[in-house]
Amino acid sequence: MTTTFDEREQAFERRFAYEEEARFHTRNRRNRLLATWACERMGLTGKASEGYVTAFTDGAVVTRDEDLLARLHDDLRDAGVEVPLPVLRTEMERCARLAQAERRVGLALDQGSSA
C-alpha cells in the first residue's frame, strides 16, 4: 500500500519528467525555426535547406545558446550574409516565444519571420 507521501513524490517525479520533455521539445522547435529563418537569409531551398535545418538542430541539442548563436553567425557570414549578433539574439528570442506558443496550442504558428 502506498502512502500519501509516496503518491505525491511520484506525482512530482512525473511532473518533472513532463516539464523537462516539454522544455526539450520547445528548445528543439526554437532551433528548427531559427535554422529555417537562417536558410531564408542564405537563400537555401529544397534539399539544401532541409539538410541545413537537420544538421543545425542535431548539433544544437546540447549546445549553449551563445555557442549556437556564434555558429549561426559564422554560417551566415560564410554565406555572405552579415547579421549582427544582437539581431540573431532577438530572432532566437522570437523563435523561442513562437515555439512556446505552439507548444501551448499544439500547432505550428510560424507565418514568416520578423526581419
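The basis for the numbers below is simple: all heavy atoms, side chains too, and nothing from hydrogens, waters or symmetry mates. These figures come from a predicted structure and were not determined experimentally.
- Under the 4.5 Å side-chain criterion, counting only non-hydrogen atoms from C-beta, Cys39 is in contact with Val53.
- No side-chain heavy atom of Arg14 sits less than 4.5 Å from a side-chain heavy atom of Glu9.
- Across all their heavy atoms, Leu76 and Ala38 have their closest contact at CD2-O, 3.9 Å.
- Smallest separation of non-hydrogen atoms from Met42 and Asp75: SD-O, 3.7 Å.
- Residues Cys95 and Leu34 come closest through the heavy atom pair SG-N, 3.6 Å.
- In this structure the side chain of Thr63 never reaches within 4.5 angstrom of the side chain of Arg71, judged on heavy atoms.
- Closest non-hydrogen pair, Leu88 versus Val83, comes out as CD2-CG1, 3.6 Å.
- Under a cut-off of 6.0 angstrom, the local environment of CZ in Arg23 is crowded, with over 12 non-hydrogen atoms contributed by other residues, nucleotides or ligands.
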* To do: Start with the C-alpha distance between Glu82 and Arg77, add both sets of side-chain angles, then the distance that settles salt bridge (charged side-chain N to carboxylate O under 4.0 Å, His left out), and finish with yes or no.
  => CA-CA 5 Å; Glu82 287 299 323; Arg77 187 189 63 232; 5.3 Å; no
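- A distance of 14.0 Å separates CZ of Arg97 from OG1 of Thr26, quoted to the nearest 0.5 Å.
- Put simply, CD on Glu91 and CG on Leu85 are 13.5 Å apart, with the number rounded to the nearest 0.5 Å.
- With rounding to the nearest 0.5 Å, the separation of CZ in Phe24 from CZ in Arg29 is 14.0 Å.
- Heavy atoms only, all atoms of each residue included: Arg27 and Arg64 are closest at NH2-C, 4.1 Å.
- Rounded to the nearest 0.5 Å, atoms CZ (Arg15) and CD (Glu13) are 14.5 Å apart.
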* **Stepwise side chain to side chain contact (heavy atoms under 4.5 Å, CB included) check, Glu66 with Arg89** => CA-CA 9 Å; Glu66 288 306 310; Arg89 271 189 205 90; 3.0 Å; yes
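- The two residues Phe56 and Leu68 have their closest heavy-atom pair at CZ-CD1, 3.5 Å.
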* Which is it for Asp65 and Arg30 under the salt bridge (charged side-chain N to carboxylate O under 4.0 Å, His left out) test, yes or no, and what are the steps along the way? -> CA-CA 11 Å; Asp65 286 353; Arg30 177 205 68 182; 3.0 Å; yes
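- A donor-acceptor pair under 3.5 Å is absent between the side-chain atoms of Arg103 and the main chain of Leu98, judged by distance alone.
- With Thr57 contributing its side chain and Thr54 its backbone, the two residues share a donor-acceptor pair below 3.5 Å.
- With a 4.5 Å cut-off on side-chain heavy atoms, Thr36 and Leu33 do not count as touching.
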